[in-house]
S.K.: 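Attaching a single structure in structure tokens format; questions to follow.
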Amino acid sequence: MRGCRACIADQPDVVVECGTFRGGSARWFHALGLDVITIDVKSHPDATGDEITWIVGSSIDPAIVAQVAALTSGRRTMVVLDSDHSAKHVEAEIGAYAGLVTPGCHLVVEDGICRWMGWPNSPMDAIELLLVPD
């Protein structure tokens with residue numbers, strides 16, 4: 001499962017996931033006993049009846065970022081970015097959510113491998129621009 005080593009090592013209270021897709025990762029994190037806040041531009045058909053916080057909208061919308069910041073305030077927080085894989089969007093997500101990551105926890109940017117799959121402007125471009133030291 002993606003992010004599992006970081007999640008176990010970090011021991012966060014809450015995981016913020018940008019990019020819900022089918023909700024599998026959100027449910028997996030929740031099954032580990034973590035609170036989960038998951039954000040996607042599409043509503044999830046099974047987003048009721050559980051304790052996961054499902055937010056519909058753009059992960060880089062300032063109102064959503066503020067909502068997530070309020071929900072994570074004072075809590076040990078890990079962030080997983082797995083939504084729009086364009087470099088520009090990932091760059092904006094890193095800028096929006098890096099400050100929410102608790103020292104000792106991880107900001108995980110998924111699918112950097114897209115570059116080697118022939119995708120131009122992949123998450124790896126944002127990773128190198130913002131997270132890899134010169």
Side-chain angles (χ1 to χ4, degrees):
M1 184 57 157
R2 297 179 298 185
C4 63
R5 287 187 181 153
C7 185
I8 292 166
D10 290 357
Q11 299 181 339
D13 298 321
V14 61
V15 174
V16 175
E17 174 189 51
C18 296
T20 305
F21 191 49
R22 294 185 177 152
S25 295
R27 288 194 170 85
W28 185 81
F29 287 128
H30 188 278
L32 291 175
L34 302 170
D35 286 343
V36 179
I37 301 165
T38 186
I39 309 153
D40 203 285
V41 294
K42 296 179 182 176
S43 65
H44 194 276
D46 301 324
T48 59
D50 57 31
E51 298 173 8
I52 296 170
T53 301
W54 305 83
I55 298 175
V56 178
S58 173
S59 58
I60 58 173
D61 178 329
I64 289 177
V65 175
Q67 180 183 3
V68 171
L71 290 168
T72 60
S73 180
R75 304 172 74 197
R76 191 164 172 79
T77 304
M78 174 181 160
V79 174
V80 178
L81 306 179
D82 194 17
S83 64
D84 177 339
H85 287 355
S86 69
K88 183 178 179 179
H89 187 85
V90 174
E91 183 180 342
E93 284 182 328
I94 292 169
Y97 293 96
L100 301 183
V101 177
T102 304
C105 285
H106 284 81
L107 171 79
V108 177
V109 180
E110 299 284 3
D111 299 321
I113 195 170
C114 289
R115 171 187 286 168
W116 292 277
M117 296 170 66
W119 294 17
N121 300 311
S122 74
M124 186 57 74
D125 297 297
I127 291 167
E128 289 176 343
L129 179 67
L130 297 174
L131 301 176
V132 177
D134 292 332

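Nothing here was measured: the structure is a model prediction, and the numbers come from that model. Numbers for residues simply follow the sequence, beginning at 1. Worth knowing before you read on, the calculation uses all heavy atoms, side chains too, and leaves out hydrogens, waters and symmetry mates.
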S.K.: So how far is it from Thr77 OG1 to Asp13 CG, rounded to the nearest 0.5 Å?
M.R.: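 The CG atom of Asp13 is 7.0 Å from OG1 of Thr77, to the nearest 0.5 Å.
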S.K.: Under 4.5 Å between side-chain heavy atoms, hopping through other hydrophobics if needed: is there a path connecting Ile60 to Ile55?
M.R.: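 In one cluster with Ile60: Ile55, no.
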S.K.: Looking at CG of Leu32 and CD of Gln11, how far apart are the two atoms once the value is rounded to the nearest 0.5 Å?
M.R.: 11.5 Å
S.K.: Please examine the side chains of Tyr97 and Val68, heavy atoms only from C-beta on, and report whether any two atoms are closer than 4.5 Å.
M.R.: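 Yes; the side chains approach each other to less than 4.5 Å.
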S.K.: First locate atom CD of Glu51, then atom CG of Leu34, and finally report the distance between them rounded to the nearest 0.5 Å.
M.R.: 12.0 Å
S.K.: If the test is side chain to side chain contact (heavy atoms under 4.5 Å, CB included), which one of Ile37, Thr102, Val101, Val79 qualifies with Thr72?
M.R.: Ile37
S.K.: How close do His89 and Ser58 get, counting heavy atoms only, and between which atoms?
M.R.: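 Smallest heavy-atom distance, with atoms named: CE1-OG, 4.2 Å.
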S.K.: Less than 4.5 Å apart, any side-chain heavy atom of Asp35 and any of Arg75?
M.R.: yes
S.K.: Roughly how far, to the nearest 0.5 Å, is the CE atom of Met78 from the CG atom of Leu100?
M.R.: 13.5 Å
S.K.: Using the rule that two of Ile, Leu, Val, Met, Phe, Trp, Tyr join whenever any of their side-chain heavy atoms come within less than 4.5 Å, decide whether Val15 and Val108 are in one cluster.
M.R.: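 The answer is yes; both residues are in one hydrophobic cluster.
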S.K.: Indicate yes or no: at least one non-hydrogen side-chain atom of Thr38 is less than 4.5 angstrom from one of Asp40.
M.R.: no
S.K.: Return the minimal non-hydrogen interatomic distance between Ser83 and Ser59, and the atom names on each side.
M.R.: OG-OG, 3.8 Å
S.K.: I need the minimum non-hydrogen distance between Val36 and Val14, along with the two atoms involved.
M.R.: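 Closest approach of Val36 to Val14, heavy atoms only: N-CG2, 4.5 Å.
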S.K.: Between atom CD of Glu93 and atom CD1 of Ile39, what is the distance when rounded to the nearest 0.5 Å?
M.R.: 8.0 Å
S.K.: Determine the sole option in Val90, Leu81, Asp82 for which the side chain to side chain contact (heavy atoms under 4.5 Å, CB included) test with Glu110 is passed.
M.R.: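 One option only clears the test, and that one is Asp82.
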